[in-house]
Amino acid sequence: MANNKVEIYTDGACRGNPGPGGWGALLMYGDEQKEIFGGEQETTNNRMELVAAISALASLKRSCDLTLYTDSKYVMTGINEWIKGWKVKGWQTAAKKPVKNVDLWKQLDQETQRHSIKWVWVKGHVGNEGNETADRLANKGIDELLA
């Protein structure tokens with residue numbers, strides 16, 4: 001395929017917030033699809049949303065032109081607006097407080113460097129097939145963790 005065009009759907013889930021959480025991602029390249037997922041014992045929904053995006057990007061073997069779909073406004077606003085200021089302010093918020101989940105934001109920032117990414121917010125749980133698959137994978141991450 002020309003230009004390594006990839007579409008990715010990511011989602012995070014948590015049973016309790018904090019509580020056991022899972023993340024999932026559906027990666028699509030031409031006719032190929034790859035599903036990845038995982039879970040953590042004690043985490044938050046926002047952390048799982050970030051881990052889903054980080055894990056999806058980290059799984060790519062080469063630089064890609066991609067569209068990443070997420071139903072997380074936290075991830076969308078963070079990557080498109082907040083992160084620039086956080087980096088300038090030494091990973092502090094406008095209120096001079098440490099950025100929450102800074103470890104994951106730094107990882108996400110690192111993973112984005114080698115790709116051209118169009119970030120797209122999608123409404124969750126309304127029948128979008130890619131989003132529903134990512135949600136199913138995130139819950140599978142929790143189920144396997146708790147099994």
Side-chain angles (χ1 to χ4, degrees), residues 1-87 91 93 97-147:
M1 302 227 56
N3 295 341
N4 296 325
K5 289 198 180 292
V6 176
E7 288 189 306
I8 299 174
Y9 285 86
T10 64
D11 200 14
C14 216
R15 295 190 188 146
N17 199 19
W23 60 268
L26 170 65
L27 296 89
M28 296 177 291
Y29 176 73
D31 294 333
E32 296 178 48
Q33 289 191 0
K34 180 178 180 181
E35 296 181 352
I36 60 175
F37 64 92
E40 293 181 15
Q41 280 292 349
E42 190 69 15
T43 190
T44 65
N45 190 64
N46 282 343
R47 287 187 69 81
M48 291 295 89
E49 294 282 0
L50 286 164
V51 169
I54 292 163
S55 299
L57 295 172
S59 75
L60 298 171
K61 293 180 174 52
R62 60 186 168 272
S63 296
C64 297
D65 181 10
L66 62 94
T67 303
L68 193 147
Y69 300 90
T70 177
D71 63 6
S72 170
K73 292 205 171 173
Y74 174 69
V75 170
M76 282 296 296
T77 307
I79 200 69
N80 287 315
E81 297 175 28
W82 300 334
I83 199 166
K84 293 173 194 84
W86 290 339
K87 287 164 73 172
W91 295 97
T93 67
K97 302 252 196 266
V99 170
K100 287 184 181 167
N101 304 312
V102 68
D103 57 328
L104 297 178
W105 282 112
K106 286 180 177 180
Q107 284 181 50
L108 183 59
D109 184 46
Q110 185 66 38
E111 289 298 336
T112 63
Q113 299 306 310
R114 64 191 179 109
H115 304 290
S116 171
I117 306 173
K118 177 181 177 188
W119 295 85
V120 178
W121 181 81
V122 294
K123 188 170 176 64
H125 312 291
V126 294
N128 177 304
E129 193 174 327
N131 180 258
E132 295 294 335
T133 298
D135 180 67
R136 177 182 55 77
L137 291 166
N139 279 288
K140 185 176 180 181
I142 301 173
D143 292 341
E144 290 199 2
L145 183 71
L146 298 177

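Just so you know, these numbers come straight off a predicted model, no measurement behind them.
In this structure, CD on Q41 lies 4.0 Å from CG on L145, to the nearest 0.5 angstrom. With rounding to the nearest 0.5 Å, the separation of CH2 in W121 from CG in N80 is 13.5 Å. Distance check: T112 OG1 to I83 CD1 gives 6.5 Å after rounding to the nearest 0.5 Å. Interatomic distance, CG of N139 versus CH2 of W23, reported as 13.5 Å (0.5 Å rounding). In this structure, CD in E7 is found 10.0 Å from CD in Q33, a value given to the nearest 0.5 Å. For the atom pair SG of C14 and CD of E42, the computed distance is 8.0 Å after rounding to the nearest 0.5 Å.
The two residues I142 and G22 come nearest to each other via the heavy atoms CG1-N, 3.2 Å. R114 and K61 make their closest contact through NH1-C, 4.0 Å (heavy atoms, listed as atom of the first residue, atom of the second, distance). Between L137 and F37 the shortest heavy-atom distance is O-CB, 3.4 Å. Closest approach of P20 to T43, counting heavy atoms only: C-CG2, 4.4 Å.
The shortest distance between side-chain heavy atoms of V99 and W82 does not fall below 4.5 Å.
Between the N128 side chain and the N131 main chain, a donor and an acceptor come within less than 3.5 Å of each other. No donor-acceptor pair under 3.5 Å is formed between the side chain of D11 and the backbone N or O of A138.
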Would you be so kind as to tabulate the donor-acceptor pairs closer than 3.5 Å made by side chains of residues 50-59, with sequence neighbours excluded?
| unit_1 | atom_1 | unit_2 | atom_2 | d |
| --- | --- | --- | --- | --- |
| S55 | OG | V51 | O | 2.8 |
| S59 | OG | A56 | O | 2.7 |

Would N101 and Y74 satisfy side chain to side chain contact (heavy atoms under 4.5 Å, CB included), going step by step from the backbone distance to the final call? CA-CA 11 Å; N101 304 312; Y74 174 69; 2.8 Å; yes
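Tested against I8, the residues L60, T70, T67 include a single side chain to side chain contact (heavy atoms under 4.5 Å, CB included) partner, L60.
Environment of CD in Q113: crowded, with over 12 heavy atoms of neighbouring residues, nucleotides or ligands closer than 6.0 Å.
For the ring-ring contact (aromatic ring centres under 6.0 Å, His included) condition, the pairs that include at least one residue of residues 49-72, sequence neighbours left out, are Y9-Y69.
Between the side chains of Q107 and D103, no donor N or O sits under 3.5 Å from an acceptor N or O.
Between E35 and R136, at least one side-chain N (NZ, or NE/NH1/NH2) sits under 4.0 Å from a carboxylate O, which counts as a salt bridge. The pair D143-R15 counts as a salt bridge, with a side-chain nitrogen and a carboxylate oxygen less than 4.0 angstrom apart.
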